[in-house]
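Shown next, in structure tokens, is the structure this report addresses.
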Amino acid sequence: MSMLTNTLGRYFAGRFVVAALGVFASIFLLLVLVDYIEMVRKTSGLASASAIMVAETSLFRVPQLLEKLTPFCMLIGAMTCYLALSRRLELVVARAAGISAWQFISPALGSALLIGVIATVAYNPMSANLREASKRMEAELFGSAPGGGIQDASGFWLNQVTSDGQTIINAARSEQQGIRLTGLTLFRFDPDQHFKERVEAREATLEAGRWLFKGVRRFSLDAPPIEQASLEIPTTLTEAQVRNSFSTPETVSFWQLPSYIRSSESSGFATAGYRLQYQKLLAQPFLLAAMVMLAASVSLRFFRMGGVQKMVLSGVGAGFLLYVLSKVTEDLSKAELMHPIAAAWLPVVVGGLTGFLALLYQEDG
């Protein structure tokens with residue numbers, strides 16, 4: 001029986017991994033296609049945009065989008081695996097051999113935990129690096145486009161005050177967590193808070209004690225526009241302060257998050273977003289395992305008993321409700337109304353207990 005269980009365990013684990021990776025690859029290709037079509041539409045008026053560069057930009061943007069869908073890939077993959085096993089009566093044979101549902105779910109749980117660890121320690125840093133590369137490509141594609149081309153949300157804002165006065169900086173895109181900015185608009189004020197000038201720039205780089213702007217056009221109230229190749233503006237901001245202002249938690253890799261949290265705390269910035277992201281990445285393997293439990297609780301019924309459509313809909317509905325719960329806890333944590341540990345681990349506990357109790361009722365109830 002031990003040899004039989006080990007052989008079946010490897011078989012069930014292999015079937016689950018193949019199904020999960022198949023769903024992952026299918027959604028990846030779908031996202032790449034949709035993003036590529038959107039990028040082609042936005043770059044249709046740019047003569048310098050080649051099809052290869054547009055495709056490469058879309059390819060680099062998608063991994064971070066897909067990372068958010070990893071739990072659903074695991075849920076759909078597990079449901080697909082167990083429904084296929086049930087349709088082929090393989091689960092019937094396993095049960096007839098004296099193997100309980102807990103025994104043939106265990107390989108999938110172990111595989112989900114392993115996939116979650118790989119997603120946290122390897123896939124997350126890779127997706128963050130690819131996202132930075134896609135931002136550089138977008139800057140090259142849309143650097144000369146009217147209006148700055150694609151923007152990240154509503155842009156990035158930064159306010160600095162020096163002995164020369166106040167400068168408000170708006171950037172369409174941020175690269176290297178704010179060290180390099182593109183698509184810039186600056187509003188400069190003198191020390192008496194009187195408007196001085198508006199400056200538009202193609203790109204800017206933070207250097208020691210200064211911002212270096214390139215492709216500059218300056219507008220003032222009493223003079224015609226002036227174009228300059230470059231412009232230097234003094235700053236007291238450090239790289240750590242700028243990174244904390246411009247970087248979003250999703251663009252920081254798992255291995256860099258602890259240093260960002262310490263840096264934000266020492267600089268007086270809010271750390272709730274970084275702490276939540278770190279805890280979510282730590283909880284990711286267990287969240288994927290909870291998704292397997294949910295999928296198993298709605299997918300182990302025999303095909304001859306009917307009700308397959310209801311099982312599939314109930315599984316998708318459970319995954320959607322778990323997603324809503326995770327978004328609610330995430331918003332509460334970012335508003336500092338819930339501790340990041342509770343916000344990250346509550347969906348894991350709820351999903352895991354729901355699947356466990358449903359399986360317990362089906363098997364031993």
Got a second to check how far [X]'s [atom1] is from [Y]'s [atom2], nearest 0.5 Å?
X	Y	atom1	atom2	result
Leu85	Phe16	CG	CZ	11.5 Å
Trp255	Leu281	CH2	CG	11.0 Å
Glu200	Glu227	CD	CD	10.0 Å
Lys327	Glu330	NZ	CD	4.0 Å
Thr80	Arg15	OG1	CZ	10.5 Å
Leu357	Met293	CG	CE	8.5 Å

Check against side chain to side chain contact (heavy atoms under 4.5 Å, CB included), Leu31 and Leu69:
CA-CA 11 Å; Leu31 289 176; Leu69 299 178; 4.1 Å; yes
Using a cut-off of 6.0 Å, state whether more than 12 heavy atoms not belonging to [X] lie near its atom [atom1].
X	atom1	answer
Phe254	CZ	yes
Phe189	CZ	yes
Phe320	CZ	no

Would you say [X] and [Y] are hydrophobically clustered, going by side-chain heavy atoms of ILVMFWY under 4.5 Å?
X	Y	answer
Leu353	Leu359	no
Leu346	Leu294	yes
Leu59	Met53	yes
Leu114	Val18	no
Leu75	Leu113	yes

Over 60° means perpendicular and under 30° means parallel, so tell me whether Tyr123 and Phe24 are parallel, tilted or perpendicular.
perpendicular
So, do [X] and [Y] sit near enough that their side-chain heavy atoms are less than 4.5 Å apart?
X	Y	answer
Leu231	Arg218	yes
Leu186	Trp211	no
Ile115	Met74	yes
Pro191	Asp164	no
Ile341	Tyr278	no

Which heavy atom of [X] sits nearest a heavy atom of [Y], and at what distance?
X	Y	value
Leu276	Ala344	CD1-N, 4.1 Å
Leu325	Pro347	CD2-CA, 4.1 Å
Gly77	Ala19	O-CB, 3.4 Å
Gly116	Gln284	O-NE2, 4.0 Å
Val161	Thr236	O-OG1, 4.4 Å
Val348	Ala290	O-CB, 3.9 Å

Main-chain N/O of [Y] paired with [X] side-chain donor or acceptor, under 3.5 Å:
X	Y	value
Ser333	Thr329	no
Thr120	Val117	no
Asp192	His194	no
Gln160	Pro234	yes

Please step through side chain to side chain contact (heavy atoms under 4.5 Å, CB included) for the pair Leu287 and Leu322, ending with a clear verdict.
CA-CA 10 Å; Leu287 178 61; Leu322 199 61; 4.2 Å; yes
Answer with yes or no whether the side chains of Ser58 and Arg61 bring together a donor and an acceptor at under 3.5 Å.
no
Is the closest basic N to carboxylate O distance between Glu197 and Arg188 below 4.0 Å?
yes
Side chain to side chain contact (heavy atoms under 4.5 Å, CB included) for Val199 and Phe219? Distances and angles first, verdict last.
CA-CA 6 Å; Val199 180; Phe219 302 85; over 6 Å; no
Side chain to side chain donor-acceptor pair (under 3.5 Å) between Arg131 and Ser134: does it pass, once the steps are laid out?
CA-CA 5 Å; Arg131 182 58 180 147; Ser134 71; 3.1 Å; yes
Determine, step by step, whether Gln64 and Leu130 satisfy the side chain to side chain contact (heavy atoms under 4.5 Å, CB included) criterion, reporting the C-alpha distance in whole Å, the side-chain angles of both residues, the deciding distance to 0.1 Å, and the verdict.
CA-CA 8 Å; Gln64 193 171 74; Leu130 290 178; over 6 Å; no
